[in-house]
Amino acid sequence: MSPVPEKPTLDGLETKWIAGWDASGVYAFDRSARRETVFSVDTPPPTVSGSLHMGHVFSYTHTDTVARYRRMTGRAVFYPMGWDDNGLPTERRVQNFFGVSCDPSVPYDPSFEPPFRGDPPRDHRAVPVSRPNFIELCEELTARDEKVFEDLFRRLGLSVDWSLLYATIDERSRRVSQRAFLRNLARGEAYTQEAPTLWDVDFKTAVAQAELEDRERPGAYHKVNFARTDGSGHVTIDTTRPELLPACVALVAHPDDERYVPLFGSTVRTPLFGVEVPVVAHPLAQPDKGTGIAMICTFGDLTDVIWWRELALPTRAIVARDGRILAEAPPGISSDAGLAAYAGLAGKTVKQAQTAIVEMLRESGDLVGDPRPITHPVKFFEKGDRPLEIVTSRQWYIRNGGREQSVRDAMLARGRELRWHPDHMHHRYDNWVEGLNGDWLISRQRWFGVPVPVWYPLDAEGNIVHDSPLVPDESSLPVDPSTDVPAGYDSSQRGVPNGFVADPDVMDTWATSSLTPQIAGRWGDDDTLFTSVYPYDLRPQAHDIIRTWLFSTVVRSHFEHGAAPWANAALSGWILDPDRKKMSKSKGNVVTPLDLFDQYGSDAVRYWAACARPGIDTAFSEEQMKVGRKLATKILNVTKFVLGAAGEHGDDVTEAIDRAMLARLAAVVDEATRAFDNYDYARALERTEQFFWWFCDDYVELVKTRAYEADGGPATGSARTALAEALSVLQRLFAPFLPFTAEEVWSWWQKGSVHVAEWPTPSGTFPLEPGSVAAFDHDGFLDAVCGTIASIRRTKTEAKVSQKAAVESVTVTAPEEMAAAVRSAWGDIAAAGSVGRAEINVGGDELNVTTVLATTA
RNA sequence: GGGCGUUUAGCUCAGUUGGCUAGAGCAUCUCCCUUACAAGGAGAGGGUCGGGGGUUCGAGUCCCUCAACGCCCACCA
């Protein structure tokens, strides 16, 4: 306990209590706890590729209030933190920060120094570095960023157990990630396949369905004529991608489209390139789109892939992995004119090729009219800058129901096992699962990630045997197949006939972060711990990553453990600018959390966050932070005042008004508890706060004279005990929201941390004696009493006199019960209102108060 | 095209199974240095609950319909 300060202040509370909590270990997880007494949180690991913003502060505060509540109800709270530092965002940040680019063909340089550490000049050309050097730089930068993140989260007052910290690139995560993958592989849930995949030409990697986004882009329809090979004229198609003409393998129309039925089975010749292609029928062709007949290319979009697969068409790929037209013409183009036309495109970017081919078509007369500009949605990698292309490559997949109805049904069933907060978020999950169109592509052609832990044997000719990958023993994980050697081989056999070769890919970030429950719970490394936290109680996360993080976690958990990974999923909303637009980093005027902590205090910022209903988008509002600061200040002041009269008291609460106040508080405790049990922290705060202001403005005002009575009897003892009880309950109710303020005021008169104090209960707050009337109408009582004092105040305000002005007489006329209430609390009312004479009559059907002010001398 | 959400005071939002005259905070206005707090306190004004229809003794709340805004998803030549 520390003494009540002369002048309470919020300044410095964060520093004081962060250190205090560290020293006392109040947030440490009790590893001896059994599963049923544990409350485990699958904390989202924030991406460490920049700075934390208000969105983080917002959603992490929500989770923290819930964790703190559970801790106070006696649960052993498992609340870890992790950093998502593996993957593309880090690579990109490292490139920009150090002015380097990764080139696997460069040899490792142990003494490498990057040209810059922060802000390379704009005209700087990236220096190529080896993959190991690049990874070292990734590690250096993430270590730096993670320190900043940790400091900020501590400042926010998150009650995480920092000893449970993990990073998605650390050794433990790599081990868990590779172990889970190998088990998926052994059970047939992971497989490799050579197939057309969406490809980002800048990052030069495959991307998954979950990482796509559509962007509206300008384009143009081009009408192009294909000559019929029987000489009977031509067919006109419409295309937005004329540059893919050399990749055309067929024309397609709807089977019922009478205009084209006669053409099915015949062939046409591509303009410029002279390739003979069939006219085919498929129900996906839309008669009302363009001319109703389209060209199928390998590959322009995902529909092309479907047509190509289902109609067993040949492959004529022309786009390389760097987004340029391949140097060599695809099979089928054999005429001199065709080859010459193709040579005019080779090496060009897709965009340049389009310009060139339109010119060629115009000259040859195969272009009908002018291109008609349109705006249309184009698929992009969500982190990318150029439209995705489709290239054929060998990739790793994990089954997720995209190709098998039975798996899909299982995933939908897992979704139904979860309790969703708010529950309409469940629709998004179902919506996503039902819309899957392929398995989960997990391999990436990148460097800073968890390596796919397999090698392949090479046959006598040095060809890779993909069908029989060599896998490491689980005990040797994590492995880096580019430096480690599979069992039965030695390093001299790498890359030589009859030797082996490493899988060159890494796994996508989501393939690792889908295992956060396993990583944080040390699955496979400490199974005692794992079984005491898994399945988790809560997964908090943002709603935009239901399709990625949430879904992929369910997939992994379903396959590995045959269970849903958590009981509850709580989805947080967005932070919006005050003008209701989604807050974006690019706006430049974004306030940093640290500035707000300095200006208003962490508790005030938390207050703003906790006011937002679960899952509801919320406007950024400094006004709310000011309100939060006011609330915190008020808690300091009212505590000081109440403790001036009352500490811990054992007197009986005998006065009706004191009992009514405690009964009202008990109802608030009940409601706050039920709200928290339902993950509705905002309601718990709202009800607590509403009571608190009433308590300060009315109750404390009414009883302060009696409570401060120097030689008071039982009535004074009653007030003091009630005040102390209410104060204790309120401080505990506020503790999840305003941890610094609550801890401070608690320390003035209580032992230990408020954050491990017992959460109040209704019966502990206002015990009803056996046989007493449970339906004590405390609200009716308090309304009558407070209505009377309010009326007296109103009279004074209207008369423009001070509230302490003396009142000559008050006449109250009210129905019997109200009159009785006013009569029983009259001593307090008279003291608070400086009232001289009173007359209380029974009558009428509502409260009627007449106040006569004393004439001033 | 499919799905979901939102719409209540000038602003931000509560309003839990339908039930007194629809609430809070901020902002505005008036007043008060009152023995914890002037970074405070006491009051006041302000709403045809998005539009229309229906069920009901009674609808902000339930049903139908329309609209605006936002989000998610979709095979978008």
Side-chain angles (χ1 to χ4, degrees), chain A residues 4 7-10 214 216 219 221-222 237-241 244 251-253 282-286 289-297 300-307 374-379 422 424-437 543-544 546-547 573-574 576 578 580-582 611-613 615-619 621 623-624 626-627 629-645 671 674-675 678 680 682-683 686-687 689-690 693 696-697 700-701 704-705 708 789-790 792-805 832 834:
Chain A
V4 182
K7 188 80 184 164
T9 173
L10 297 172
D214 286 350
E216 286 291 330
Y221 277 116
H222 302 73
I237 60 110
D238 238 330
T239 180
T240 56
R241 301 208 53 186
L244 293 180
L251 299 189
V252 65
H282 193 281
L284 279 181
Q286 297 179 36
K289 198 141 266 170
T291 57
I293 187 163
M295 66 170 181
I296 303 174
C297 307
D301 62 25
L302 291 174
T303 318
D304 280 344
V305 178
I306 295 171
W307 282 326
I374 55 158
T375 305
H376 64 158
V378 179
K379 284 197 191 311
H424 68 254
M425 291 294 180
H426 188 186
H427 292 290
R428 300 208 183 177
Y429 178 89
D430 285 349
N431 209 329
W432 174 253
V433 176
E434 282 159 5
L436 289 169
N437 58 25
H543 60 62
D544 57 328
I546 289 174
R547 64 177 181 171
W574 290 108
L576 307 173
R580 309 295 299 166
K581 294 277 159 45
K582 187 178 156 189
C611 282
R613 251 58 206 179
I616 304 293
D617 293 347
T618 301
S621 163
E623 290 308 312
Q624 278 301 96
K626 289 178 187 165
V627 175
R629 188 173 176 84
K630 256 176 64 176
L631 173 64
T633 303
K634 190 79 174 179
I635 292 171
L636 294 180
N637 285 318
V638 80
T639 299
K640 175 175 154 61
F641 183 58
V642 168
L643 292 183
E671 199 169 0
R674 279 188 286 121
N678 205 29
D680 193 350
R683 174 182 296 278
E686 189 207 338
R687 294 307 145 103
E689 189 190 4
Q690 188 187 359
W693 286 109
C696 292
D697 294 342
V700 172
E701 287 299 319
K704 68 184 182 186
T705 307
Y708 266 87
I789 190 70
I792 294 169
R793 286 171 181 156
R794 192 178 307 114
T795 304
K796 292 181 180 180
T797 297
E798 280 164 4
K800 303 192 177 187
V801 298
S802 160
Q803 289 298 326
K804 72 174 179 184
S834 308

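Just so we're on the same page: letters track the sequence lines, and every chain starts at 1.
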Going by distance alone, is a donor N or O of one side chain under 3.5 Å from an acceptor N or O of the other, for A:Gln803 and A:Thr797? yes
In B/S/- notation, 5' to 3', how is nucleotides 29-34 of chain B contacted by protein heavy atoms closer than 4.0 Å? -SSS-B
Do [X] and [Y] come within less than 4.5 Å of each other through their side chains, counting heavy atoms only?
{"X": "A:Met425", "Y": "A:Tyr429", "value": "no"}
{"X": "A:Thr240", "Y": "A:Tyr221", "value": "yes"}
{"X": "A:Val642", "Y": "A:Val638", "value": "yes"}
{"X": "A:Ile546", "Y": "A:Trp432", "value": "no"}

Rounding to the closest angstrom, what is the interatomic distance between [N] and [M] at atom [atom1]?
{"N": "B:U17", "M": "B:U6", "atom1": "P", "result": "14 Å"}
{"N": "B:C13", "M": "B:C32", "atom1": "C1'", "result": "30 Å"}
{"N": "B:C71", "M": "B:U28", "atom1": "P", "result": "32 Å"}
{"N": "B:C20", "M": "B:A59", "atom1": "C1'", "result": "15 Å"}
{"N": "B:G45", "M": "B:A38", "atom1": "P", "result": "28 Å"}
{"N": "B:G51", "M": "B:U8", "atom1": "P", "result": "10 Å"}
{"N": "B:C37", "M": "B:U30", "atom1": "P", "result": "26 Å"}
{"N": "B:G1", "M": "B:C66", "atom1": "P", "result": "13 Å"}

Classify the side chain of A:Arg687 versus the base of B:U16 as yes if they form a donor-acceptor pair under 3.5 Å and no if they do not. yes
Donor-acceptor contact below 3.5 Å, side chain [X] vs main chain [Y]:
{"X": "A:Ser834", "Y": "A:Ala832", "answer": "no"}
{"X": "A:Lys640", "Y": "A:Pro8", "answer": "no"}
{"X": "A:Asp617", "Y": "A:Trp574", "answer": "yes"}

Whole-Å gap separating [atom2] ([N]) and [atom1] ([X]):
{"X": "A:Lys7", "N": "B:A36", "atom1": "NZ", "atom2": "P", "answer": "11 Å"}
{"X": "A:Glu689", "N": "B:G15", "atom1": "CD", "atom2": "C1'", "answer": "16 Å"}
{"X": "A:Asp430", "N": "B:C4", "atom1": "CG", "atom2": "P", "answer": "11 Å"}
{"X": "A:Ile296", "N": "B:A77", "atom1": "CD1", "atom2": "C1'", "answer": "10 Å"}
{"X": "A:Arg683", "N": "B:A24", "atom1": "CZ", "atom2": "C1'", "answer": "14 Å"}
{"X": "A:Arg241", "N": "B:C75", "atom1": "CZ", "atom2": "P", "answer": "16 Å"}
{"X": "A:Lys626", "N": "B:C26", "atom1": "NZ", "atom2": "P", "answer": "12 Å"}
{"X": "A:Lys640", "N": "B:C37", "atom1": "NZ", "atom2": "C1'", "answer": "10 Å"}

Hey, which sits more toward the 5' end of RNA chain B by its nearest nucleotide, A:Arg674 or A:Thr291? A:Arg674
Report the residue (A:Pro8 or A:Val252) whose heavy-atom-nearest nucleotide on RNA chain B is the more 5′ of the two. A:Pro8
Look at the side chain of [X] and decide which nucleotide, out of [options], has an atom nearest to it.
{"X": "A:His543", "options": "B:C73, B:A77, B:C71", "result": "B:C71"}
{"X": "A:Lys630", "options": "B:G15, B:A39, B:C37", "result": "B:A39"}
{"X": "A:Ala790", "options": "B:A36, B:G43, B:A77", "result": "B:G43"}
{"X": "A:Asn431", "options": "B:A77, B:C73, B:A42", "result": "B:C73"}

Just call it for A:Val638: base, sugar-phosphate, or nothing, with non-hydrogen atoms closer than 4.0 Å on any strand. base
Using Watson-Crick and G-U wobble pairs with both distances under 3.5 Å, what is the 5'-to-3' dot-bracket string of RNA chain B, with [ ] for crossing pairs and | for pairs outside the strand? (((((((..((((.....[...)))).(((((.......))))).....(((((..]....))))))))))))....
For [X] and [N], is the shortest distance between a side-chain N/O and OP1 or OP2 below 4.0 Å?
{"X": "A:Arg794", "N": "B:A44", "value": "yes"}
{"X": "A:Lys634", "N": "B:G41", "value": "yes"}
{"X": "A:Asn437", "N": "B:A74", "value": "no"}
{"X": "A:Arg547", "N": "B:C73", "value": "yes"}
{"X": "A:Gln690", "N": "B:G23", "value": "no"}

Determine the interplanar angle of the A:Tyr708 and A:Phe641 rings, folded into 0 to 90°, and report it as parallel if under 30°, tilted if 30 to 60°, perpendicular if over 60°. parallel
So does A:Glu798 pair up with A:Arg793, basic N to acidic O under 4.0 Å? no
Presence of salt bridge, A:Glu671 and A:Arg674, under 4.0 angstrom: no
